[in-house]
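To find a chain, count down the sequence lines: A is the first, B the second, and so on, and within it residues start at 1. Quantities reported herein were computed from a predicted structural model and do not represent experimental measurements.
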Amino acid sequence: MKRTVKQNNQKVTALEEDCHLTLERTVRFMRVSQMFMPTLREMPAEAEVVSHQLMLRAGLMRKLASGIYSFLPLGYRTFRKIEQIVREEMDRAGAQELLMSAILPAEYYQATGRWEVFGPDMFRLKDRNGRDFCLGPTHEEIFTETVKNEIRSYRALPLILYQIQTKYRDERRPRFGVMRSREFVMKDAYSFDRDEAGLDLSYKKMYDAYCRIFDRCGLDYFIVDADSGAMGGSGSQEFAVKSEIGESVIAYCDACGYAANDEKAECIPDVCCDDECCMGNDMLPVEKVATPDVRTIEELMDFFGSQPCEFAKTLIYKADDRVVAAMVRGDRELNETKLQNYLNCIELEMADAETVKEVTGADVGFAGPIGLKVELIVDLEVTSMKNFVVGANETGYHLKNVNIGRDFKASVVMDIRKIVEGDKCPKCGAPVKIARGIEVGHVFKLGTKYSEALGCVYLDENGKERPMVMGCYGIGINRTMAAIIEQNHDENGIIWPISVAPYHVIIVPVNPTETAQMEAAEKIYSELGKAGVEVMLDDRNERPGVKFKDADLIGIPIRITVGKKIGEGIVEFKLRKTGEMVELSIDEAIARAKAEVEKGLAL
RNA sequence: CGGGGUGUAGCUCAGCUGGAAGAGCGCGUGGUUUGGGACCAUGAGGCCGGAGGUUCAAGCCCUCUCACUCCGACCA
């Protein structure tokens, strides 16, 4: 058999494109009277955010322990549909699915040092022989190891592998139901390329697949530049669903489309206020001012009667084993991620009072740059300030008219502040806005961090050994599900997009004791099901109000109500999303339902 | 990991100054109902989170502990 060198931009035939594998096998009929669907009338006390409340109320899931949930039939159907969308789009992008174990031996993590880095966030256990294992919090090491063991030649690259697997992280504070849980399902993909150019192609494929996935899920999302954090690597973007309850803070620009999360967002230095204190003034002589009990910026403002931007604050940090100082304008916040990246440390925290005293010789609140013995990282913006106030490194005193360059020197000047609403966009200069988002997906260019640590190498055309260039790509399935609910609900319950709805249609006979109504309902039920529509029949002997409330709560996109007008052959057709309701003949209702479902799945 | 809050029926919660464990909803049974979470009758359901202590007497007071939850810190 002739061996061919795979290209990252390989061509596939139209037939292959059409027939990309789908594993979907779905029950299409469901009688509500038979269903395990424990809906709750009242709001569960433990739930704070809407998605969490609705997932419990609609009987999608139940809690087993803090941050650990079981999915019930209705919830699991949607869960699997999201998985399936992810699967289809990964397959379409040429990634290959496999499944790694959830329980993993410690040695792989020890090899990259992450056995220690993860710390208590990792669920650890021992086998009967006392060997260390963990429940996998992420799988970079295992994928890398697997590929390392099997791939030798550049001919086998590029390669993208993925799995949809349960992950375990012993979060310090599980929150918001499934949004931050200790057990969750993640799609994680890993790309292996010969070089950076190959990585760029693989990354782009995954990026495009992600856009399709979140579009199909009906989500409104940002794609933002992100910090690659402990993952290491050269570039990273986050897919964040717009939501007030999101834990990612995003700076974005309507003018040019720039978006970055707040850890990453680059800050353009602002000239602090007006010409009064900044522009063209000569440097004034330094003055020492007694400022007893004046420590915070607010107190300083009162004391000096001036603007916060006429101060610079000096923050003392502990970075692993060393102590450093960081300086930002008085009204700014330090971006710890930026500082941490520069310092290349694992732990970064504000120094305790004792350390501050040791380093500055003064109590907390009087730290300043002059005479400090430790490394001093100064924010870019400070360099444009003149004659400003700093701590004197002496309890009870500040210094006035201090100037960088003349009075003290920075070890390094760089952007270390946090972006705020109204700052200049780093791309185009327009004022940026700040929003919150739920991180549902993340793509990273890892580079060779893991392949080098684990010896995942290949032989190139010249027989030379080179580390594979890797990328990794995650999507939180549970979190995506919750995010869809956050963006698609009203006061009555969930409003599923058709693409992920547990069933497409629910048929509600108003009075199940009326044979005419039941017969018509049964007919619609069987015809829709035969046509491939997923359909529920609410055949419970309940009052109509109960059935309507449940139908709304569980968010079935299309409701067909069979009531009194069945004598005239008329039923009611209602869309959950718009509330639009029309009276149609049975056949028209069936046709309309089929059309709506087709439209909803077309994306 | 720090700071708060809450643990009483399946769910949501009340329970006064320490003195016989309650309501609404849900559930079983019989009946009446049937267009937005019905009504009547009747019934089942409790280690008052756990342990210790104070007291003649503890759901209630004290100590410890566990769980859940919120805020913060932390978080590929």
Lys/Arg cation over aromatic A:F222: A:K242, 6.0 Å, 45° cone: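 Yes, A:K242 and A:F222 form such a contact.
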Lys/Arg cation over aromatic A:Y203: A:K445, 6.0 Å, 45° cone: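 Positive - A:K445 is close enough to the ring of A:Y203 and near enough to its axis.
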Option passing ring pair (Phe, Tyr, Trp, His ring centres under 6.0 Å) with A:Y207 (candidates A:F239, A:Y473, A:F444):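 Answer to the ring pair (Phe, Tyr, Trp, His ring centres under 6.0 Å) test with A:Y207 among A:F239, A:Y473, A:F444: A:F239.
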Quick one: is [N] close enough that its OP1 or OP2 comes under 4.0 Å of any side-chain N or O from [X]?
{"X": "A:R173", "N": "B:C71", "value": "yes"}
{"X": "A:R543", "N": "B:U33", "value": "no"}
{"X": "A:S66", "N": "B:U69", "value": "yes"}
{"X": "A:K547", "N": "B:G35", "value": "no"}

Base-pairing assignment for [N] (Watson-Crick or G-U wobble, both under 3.5 Å):
{"N": "B:G43", "value": "B:C27"}
{"N": "B:A73", "value": "none"}
{"N": "B:U63", "value": "B:A51"}
{"N": "B:C68", "value": "B:G5"}
{"N": "B:C13", "value": "B:G22"}
{"N": "B:G35", "value": "none"}

What nucleic acid atoms does [X] come within less than 4.0 Å of, heavy atoms only: base, sugar-phosphate, or nothing?
{"X": "A:D552", "answer": "base"}
{"X": "A:R62", "answer": "nothing"}
{"X": "A:K167", "answer": "nothing"}
{"X": "A:R540", "answer": "nothing"}
{"X": "A:E336", "answer": "sugar-phosphate"}

Distance-only donor-acceptor test (3.5 Å): side chain [X], base [N]:
{"X": "A:R175", "N": "B:U69", "result": "no"}
{"X": "A:E42", "N": "B:G24", "result": "yes"}
{"X": "A:K549", "N": "B:G35", "result": "no"}

First encountered from the 5' end of RNA chain B, between A:F176 and A:T513: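 Upstream on the strand: A:T513.
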Whichever of A:E46 and A:E349 has its nearest RNA chain B nucleotide further upstream toward 5':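 With A:E46 and A:E349 compared, the 5'-side residue is A:E46.
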Presence of salt bridge, A:K574 and A:E580, under 4.0 angstrom: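 A salt bridge is absent here (no side-chain N lies under 4.0 Å from a carboxylate O).
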A:E107 CD: over 12 foreign heavy atoms closer than 6.0 Å: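 Result for CD/A:E107: enclosed.
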Options B:U12, B:C68, B:G35, nucleotide nearest the side-chain atoms of A:K63: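 Within the option list, the nearest is B:C68.
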